[in-house]
Amino acid sequence: MLLWNNKPIFGMARTFLAGLLAFAMLAPSAQIAFAETSLFPKQINYQAKLTNASNVAIPDGNYNLAFRLYVAPVSATTTAIWEELHNTGGTRVTASNGLLSVMLGQVTSLANVNFNQTLYLGVEIGGTSTTPTWDGEMSP
């Protein structure tokens, strides 16, 4: 059987299948390359309202904060798989009416964190002085 350009239909089918096979072999490489340069956010926006024991918003100011990721709900700070400190002049977090917002990953990259597992975030406040006075991680 011949088509309009005088090529046998089976030859065209064979060429099509060869092209499809070549594409299928290259697709995993393209997926891996895309994953390594993916467009997912490299930072996570963390927002909170901080209050004292009487449920009154903390005073406005620039606060020292420490953030840590753990693979277990109860862990020592030395077992964190990721840690980011906001305790220098340029990284302290501003609180206004007790509200704060910070981009996790802007100081210490999150690129090597495996997010395909359950993770727990620890947050610790270190006051507003230039030398942090850490008060221990918060608990829910």
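No hydrogens, no waters, no symmetry mates; every other heavy atom, side chains included, goes into these values.
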Can you check whether Leu65 reaches Glu124 side chain to side chain, under 4.5 Å on heavy atoms? no
Which donor-acceptor pairs under 3.5 Å do side chains of residues 87-95 form with protein atoms, sequence neighbours excluded?
| from | atom 1 | to | atom 2 | distance (Å) |
| --- | --- | --- | --- | --- |
| Thr88 | OG1 | Thr91 | OG1 | 2.9 |
| Thr91 | OG1 | Asn87 | N | 3.2 |
| Thr91 | OG1 | Thr88 | N | 3.1 |
| Thr91 | OG1 | Thr88 | O | 3.4 |
| Arg92 | NE | Asn64 | OD1 | 2.9 |
| Arg92 | NH2 | Thr130 | O | 3.4 |
| Thr94 | OG1 | Asn62 | OD1 | 2.6 |

ILVMFWY clustering at 4.5 Å (side-chain atoms), partners of Val56: none
By the rule that ILVMFWY residues connect when side-chain heavy atoms come within less than 4.5 angstrom, directly or transitively, which residues belong alongside Val74? none
Could you tell me if the side chain of Leu121 sits less than 4.5 Å from the side chain of Leu69, heavy atoms only? yes
Residue pairs, two or more places apart or on separate chains, that pass salt bridge (charged side-chain N to carboxylate O under 4.0 Å, His left out) and touch residues 51-63: none
Pair up each side-chain donor or acceptor in residues 96-113 with any protein partner under 3.5 Å, not counting sequence neighbours, and list the distances.
| from | atom 1 | to | atom 2 | distance (Å) |
| --- | --- | --- | --- | --- |
| Ser101 | OG | Asn45 | OD1 | 3.1 |
| Thr108 | OG1 | Glu83 | O | 3.3 |
| Ser109 | OG | Ala111 | N | 3.0 |

Side chain proximity check, Ile125 to Tyr63, heavy atoms < 4.5 angstrom: yes
Going by salt bridge (charged side-chain N to carboxylate O under 4.0 Å, His left out), name the pairs with one or both residues in residues 95-120, residues two or more places apart or in two chains. none
Sequence neighbours left out, what passes side-chain hydrogen bond (donor to acceptor under 3.5 Å, both in side chains) with Glu84? Give chain and number order. His86
Non-neighbouring partners of Tyr46 that pass ring pair (Phe, Tyr, Trp, His ring centres under 6.0 Å), sequence neighbours left out: Phe67
Taking salt bridge (charged side-chain N to carboxylate O under 4.0 Å, His left out) as the cut-off, I'd like each qualifying pair that reaches into residues 97-110, sequence neighbours left out, listed once. none
Applying side-chain hydrogen bond (donor to acceptor under 3.5 Å, both in side chains) to Thr51 and not counting sequence neighbours gives Asn55
Does Ala80 have any side chain to side chain contact (heavy atoms under 4.5 Å, CB included) partners at least two apart in sequence or in another chain, and if so, which? Arg68, Tyr70
Applying side chain to side chain contact (heavy atoms under 4.5 Å, CB included), name anything that partners Asn114, two or more places apart in sequence or on another chain. Asn116, Gln117
If you group Ile, Leu, Val, Met, Phe, Trp and Tyr by side-chain heavy-atom gaps below 4.5 Å, do Trp82 and Tyr120 land in one group? no
